[in-house]
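In what follows, a structure is listed as structure tokens, so that the remarks can point back to it.
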Amino acid sequence: MQENEILELTGTVEAVIYRNDENGYTVIELSGDEEFTAVGIMPQLSPGEEVKLIGSFKPHHNYGIQFSVTACEKSMPSDVAGILKYLSSGAIRGVGPATAATIVKEFGSASLEVMENEPERVAKLRGISKNKADSFAEQLRQNIGIKELMLYLSNYDISPASAIKIYKTYGNNAIEAIKTNPFCLVGGDFNISFETADRIAQLQDRPLDENIRIRAGLVYVLNHNKGNGHTCLPVESLLKTTCSYLKVERLPAEKSLEELVLDDTLVRCEMFDKTFIFTKDMFESEGYIAARLKMMMMFPAVQIPDIDKQIEAVEKNNNIQYASLQKEAITQALSKGLLVLTGGPGTGKTTTLNAIIKILKNKGQKVLLCAPTGRAAQRMSDVTGDEAKTIHRLLEVAWDKNDRPEFKRNEKNMLKCDALIVDEVSMVDAQLFESVMKALPMGCRLILVGDSHQLPSVGPGNVLEDLIASEMIPYVELNEIFRQSMESLIVTNAHKIVKGIEPEISTKDNDFFFLPSTNKAVIEKTVIELCNKRLPATYNYNIYEDIQILAPGRKGELGVTALNTKLQQVINPPDEEKTEITASGKILRIGDKVMQIKNNYDLLWSKDNGETGEGIFNGEIGIIQSINKKSRIIKVKFDDKTAVYDFDFASDLDLAYATTVHKSQGNEFEAVVIPLYRGAPQLYYRNLLYTAVTRAKKLLIIVGDAEILKRMVANDRKNKRYSGLKYFLQESINE
């Protein structure tokens, strides 16, 4: 047998070793020309059933060679011996070996057909009631129904895993439901795109302006725009986009939208003299956040007594003098129990935060710290001296029946703390923040820390900006640069950029350097030399631990994709001793610097101290330690933990010698190199430049076109995000 060769095998199920009823993942022992183990998403199987499998043999690092199933078609046993084995296995609830023998003795090779279609005959047998016989019939029809559904959906390249989820929702009526309304497949937990459902509809010759298509299209456009950060859309924008996408007239779209609002599928809300449309989940998320924050302000945490004396004591013990805004922030946090604290680099956020933590702990309060990413949490731990966790870890992420993340910490199982501090709040989207608020016990103090000038969250919402703009939440922005930070051009130039002032780029003896060039080849060569030779030789930095290239976007001649290909060739070239594979069109080899590009809650990791866990998250950076083609395993070291990837998850990894500014959020690097060359104009704006500059701890080098730098500083365009949190905080949600 040849590994990974696509084969079609038939056999009889000897045993079902394991089955996850939620997603259909099954491990079975099969007998045919030879015995083997098969694994994958399959319909409910029982010993004695005959199956046809499509897939390939693959090695497993623990269990050896297994047949990995991509498609499974089953058929009921046809001979008496097979039927008896099938019924005796418990495949049909209520049928044990004795009942199986009675049925087979009476009906022989026709047993299954009689049980399914003539239950009244089965009910005449001794010990079998009419209700039992009807139950046997229904179970057999169900087994046949899911097989037929899988075959039907395979014509549209819909996976068996999705088919099982669809069957659980619609049962034996699934095919009829799809034929009646193909768009019932969109949304929910089926993982089926609007385009796929639309293709099924077109193959059925349905009209483009059919109501069910327009309804699904409106919801799809709203959900798609969550990926652009919007929690809602203006009604005019929603209608215009949907009509253009579906190629339909406005009137039927308006009628469908009105239906969706009336049946509570979507929510219409008048905000700031304009009409917006929300999906129900986003409306509820932002509404919950606003209501919970209002409750916190109505019933605040107990005020810490003698705040001025507490501040004086910390100043004396630490030989420090807090600035007036720092004292204001400390006072707000300790008196009102709710604070948004922002400020750029060098303004004393960390010093202020440490004072708040110290005073709270001195008063016997339990303080928990968290941040959106692993690196941000680690940095928070480093500067405070206290353990900080990722938000997901703090809330104890688990998985629901549809394999979606959910949190064990919630309104029924709240965090056990007197104060919660969340750092890098600009990165937190609305739904994650809702989860934080649900887990927050009544009377708990909440301090939100971030930099409002950084890029907003990748997910939907504009949490930090909306909290500040509402003017409803206690808020302090630290804006005084402390003397020791004034010596850093990274710090002073970052503040200039925020104010729209061109940074100082002529200085040659500080931590901020500009190397001018308008030539693509020169910029590329300079960036590579800096990372490969000049910075390692001068500062003893290396590309794996200290240096990070940040580009505005992925595409273009000097975008992330092109730069990573060049850098890989120079820094980690092909070598006979370095195993490599190709995944999603990119080469990954031992020694490559890589980034996880999507949340994967199932990946196992371990630490040197024996601690184990699950989950590697979007933006985490590591180094490929080993690639084993035989066992199809990749091991990647992420800071203090090593994760194990099956080759099937290799597409979750991307080269990370260079990465986008968006992906770098929550991280800081000793040295940052930024290439500036012509590219997509929408990526060249002030906030993006500011975020890139503030990722550098000790050294920043910009290589490229001075005119582009000037344009970015002058361009104060922020990506417009439609959200409702500001309105909900300012207004009564019930009005």
Side-chain angles (χ1 to χ4, degrees), residues 22-24 41 43 71 138 141-227 233 235 238-268 277-284 400-404:
E22 299 299 339
N23 60 23
I41 304 297
E138 178 57 31
R141 292 185 193 117
Q142 187 178 92
N143 286 341
I144 293 170
I146 195 166
K147 168 193 164 185
E148 291 176 345
L149 178 63
M150 283 185 169
L151 290 173
Y152 175 75
L153 292 176
S154 68
N155 296 321
Y156 307 108
D157 298 320
I158 295 175
S159 70
S162 293
I164 288 171
K165 291 178 180 178
I166 294 164
Y167 188 83
K168 285 187 174 184
T169 300
Y170 295 105
N172 287 330
N173 297 319
I175 294 176
E176 186 59 35
I178 295 167
K179 287 180 177 179
T180 301
N181 177 11
F183 300 100
C184 70
L185 299 175
V186 182
D189 300 303
F190 302 150
N191 296 320
I192 295 172
S193 68
F194 180 88
E195 288 82 358
T196 297
D198 204 25
R199 181 162 56 91
I200 296 172
Q202 298 313 308
L203 290 171
Q204 295 176 0
D205 293 325
R206 306 176 83 100
L208 291 178
D209 61 355
E210 188 176 22
N211 182 42
I212 56 172
R213 179 174 185 262
I214 298 175
R215 284 173 59 98
L218 287 160
V219 175
Y220 166 75
V221 169
L222 277 173
N223 282 321
H224 176 77
N225 273 280
K226 290 180 188 177
L233 287 177
V235 66
L238 174 60
L239 287 169
K240 182 178 179 181
T241 302
T242 304
C243 290
S244 174
Y245 179 69
L246 299 181
K247 297 179 173 56
V248 297
E249 297 298 320
R250 183 182 174 97
L251 185 59
E254 288 177 341
K255 290 180 178 178
S256 295
L257 178 57
E258 188 63 27
E259 283 184 15
L260 288 164
V261 171
L262 288 173
D263 65 24
D264 208 27
T265 301
L266 300 179
V267 179
R268 180 165 49 211
I277 304 295
F278 289 78
T279 57
K280 197 170 182 181
D281 62 336
M282 293 313 310
F283 182 80
E284 290 175 349
D400 66 12
K401 63 181 182 180
N402 295 306
D403 284 338
R404 295 178 307 184

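Hydrogens, waters and symmetry mates play no part in the numbers below; they use all other heavy atoms, side chains included.
Closest non-hydrogen pair, L246 versus G217, comes out as CD1-CA, 4.0 Å. R206 and E210 make their closest contact through NE-OE1, 2.9 Å (heavy atoms, listed as atom of the first residue, atom of the second, distance). In terms of heavy-atom proximity, A174 sits nearest to I166 at CB-CG2, 4.2 Å.
Side chain of S244 to main chain of K240: no donor-acceptor pair is present (N/O by atom type, distance under 3.5 Å, no hydrogens or angles).
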Kindly determine whether K226 and T279 satisfy side chain to side chain contact (heavy atoms under 4.5 Å, CB included), including the steps that lead there.
CA-CA 10 Å; K226 290 180 188 177; T279 57; 3.4 Å; yes
With side chain to side chain contact (heavy atoms under 4.5 Å, CB included) as the test, would you mind laying out the steps for I178 and I158 before giving the verdict?
CA-CA 13 Å; I178 295 167; I158 295 175; over 6 Å; no
Might you work through the side chain to side chain contact (heavy atoms under 4.5 Å, CB included) test for Y156 and L203, ending with a clear yes or no?
CA-CA 10 Å; Y156 307 108; L203 290 171; 3.6 Å; yes
One pair to check against side chain to side chain contact (heavy atoms under 4.5 Å, CB included): V186 and V219. What are the steps and the verdict?
CA-CA 9 Å; V186 182; V219 175; over 6 Å; no
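The distance from atom CD of E254 to atom CG of L218, rounded to the nearest 0.5 Å, is 10.5 Å. A distance of 12.5 Å separates CG of N173 from NZ of K179, quoted to the nearest 0.5 Å. Note that the CG atom of L238 and the CG atom of L233 stand 6.0 Å from one another [nearest 0.5 Å]. Separation of atoms CD1 (I214) and CG (L257) is listed at 11.0 Å; rounding is to 0.5 Å. Distance CG/D198 to CZ/F183: 4.5 Å, rounded to 0.5 Å. Atom CZ of R215 sits about 9.0 Å away from atom CG of N181, to the nearest 0.5 Å.
Proximity of Y170 to L149: side-chain heavy atoms (C-beta onward) are nowhere separated by under 4.5 Å. In this structure the side chain of P252 never reaches within 4.5 angstrom of the side chain of K255, judged on heavy atoms. Looking at R213 and V248, their side chains come closer than 4.5 Å, going by heavy atoms from C-beta outward.
Shown here is E249, whose CD atom has no more than 12 heavy atoms of other residues, nucleotides or ligands within 6.0 Å.
Here Y245 pairs with F194, E195, Y220 under the side chain to side chain contact (heavy atoms under 4.5 Å, CB included) rule; sequence neighbours left out.
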